[in-house]
Amino acid sequence: MSSLAPLLPGSVALVGGGPGDPGLMTVAGRAAVEQADVLLVDHLAPEGALAWAREEALVVDVSKLPRGAFTPQARINELLVEHARAGRRVVRLKGGDGFVFGRGMEELLACTEAQVEVRVIPGVTSSVAVPALGGIPVTHRGLVQGFSVISGHVPPDHPDSTLDYAALTRSGTTLVVLMGVATLPAITAALLDAGLDPDTPAAVVARGGHPDQQVVRASVTEIATAAAHVDPPAVTVIGAVAAFATSTDTATDTRTLEEVF
Ligand code: SAH
């Protein structure tokens, strides 16, 4: 079925909204928003996209903010099913792509288990798009042949962390850290402990796609301090490609690309 097929009453579309800028949503994502009777919206979803919703559409905030509004995932799953069973066209709108640290599969399974028709409309993930908006390619011919996207929601030494930072350090890939603003000092320390070159370029791109986007560039040794003042959400890039960042923070790294490489 084409992602542009009409959204039927009683069905759900899981829509990736891209990072911040509604212009980065897919054509199919926009079409789903335009048809929705109910939109269940995350705090990272592009607010501007709600302007495309029908005037009579019900917009429900189901954010999961650590110190603010909090809707547990189980409740979000129930809401998707309840609204669909009531015959509504339901759109679950979130930032980025729903399958990258987005719990999209849990929502898909909740719908299929309840025999509710569900489609996935992938989104532009912040793990690639936010670096790009800050001038950084996650790969670059001759420089790096891969990238690793990791969640920094827990620090490396936390019992819930399943990441092998020594292996990541050895991997030779660009590291892209999501949900890692508070844990950045611990993450960079773990990488340096594992032998990462202290001069490795790094950059933090905060509020990507928003008018107040900020880019801070520094070495991996200095990035946590240099970026301590940024407002989340933010993506950190560690690796040679981070030297391409178009820094908006002249107080930090002002070296030219020639000096870095
Ligand atoms: N599913 C999302 C990621 C959800 S995890 C995606 O594919 O993009 C949330 C993390 O995404 C944030 O902590 C931050 O690291 C990143 N993020 C999302 N939107 C962002 C934005 N506009 N600017 C910078 N980082 C963003």
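Counting starts at 1 for both ligands and their atoms, in listed order.
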Next on the checklist: The test is side-chain hydrogen bond (donor to acceptor under 3.5 Å, both in side chains); show your working for E222 and T225 and say whether it passes.
Outcome noted: CA-CA 6 Å; E222 294 157 347; T225 309; over 6 Å; no
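Ring pair F101/H153: centre-to-centre distance not below 6.0 Å.
Close contacts of ligand 1 with L44, meaning ligand atoms under 4.0 Å from a residue heavy atom, involve 9 (C), 18 (C). Proximity to V130 (heavy-atom distance under 4.0 Å) selects the following atoms of ligand 1: 21 (C), 23 (N), 24 (C). Proximity to P19 (heavy-atom distance under 4.0 Å) selects the following atoms of ligand 1: 22 (N). Applying the 4.0 Å criterion to heavy atoms of R207 picks out, from ligand 1, the atoms 23 (N), 24 (C).
Protein heavy atom in closest approach to atom 4 (C) of ligand 1: F101 O, 3.5 Å. Regarding atom 22 (N) of ligand 1, its nearest protein heavy-atom neighbour is G208 O, 2.9 Å. For atom 10 (C) of ligand 1, the nearest protein heavy atom (residue, atom name, distance) is M179 CG, 3.8 Å. The protein heavy-atom contact nearest to atom 3 (C) of ligand 1 is V100 O, 3.5 Å. Scanning all protein heavy atoms for the shortest distance to atom 11 (O) of ligand 1 gives S126 OG, 3.5 Å. Of the protein's heavy atoms, P233 O, 3.3 Å lies nearest to atom 24 (C) of ligand 1.
Not a single heavy atom of G209 lies less than 4.0 angstrom from ligand 1.
Taking both residues in full, the closest heavy atoms of P156 and A186 are given as CG-O, 3.7 Å, listed atom of the first, atom of the second, then distance. Of all heavy-atom pairs spanning S3 and A28, the tightest one is OG-CB, 3.4 Å. Nearest heavy atoms, V241 versus H140: CG1-CB, 3.9 Å.
The existence of a salt bridge linking R85 and E82 is excluded, since no basic side-chain nitrogen approaches an acidic carboxylate oxygen closer than 4.0 Å. Comment: E34 engages R30 in a salt bridge, judged by a side-chain N to carboxylate O separation of less than 4.0 angstrom.
If you take CD1 on I121 and CG on L14, they are separated by 8.5 Å, rounding to the nearest 0.5 Å.
Polar contact check, D97 against ligand 1: a nitrogen or oxygen pair lies under 3.5 Å apart. The shortest N or O to N or O distance between A234 and ligand 1 is below 3.5 Å.
R92 pairs in a side-chain contact (heavy atoms from CB on, under 4.5 Å) with only one of the listed residues (V15, L39, D42), which is D42.
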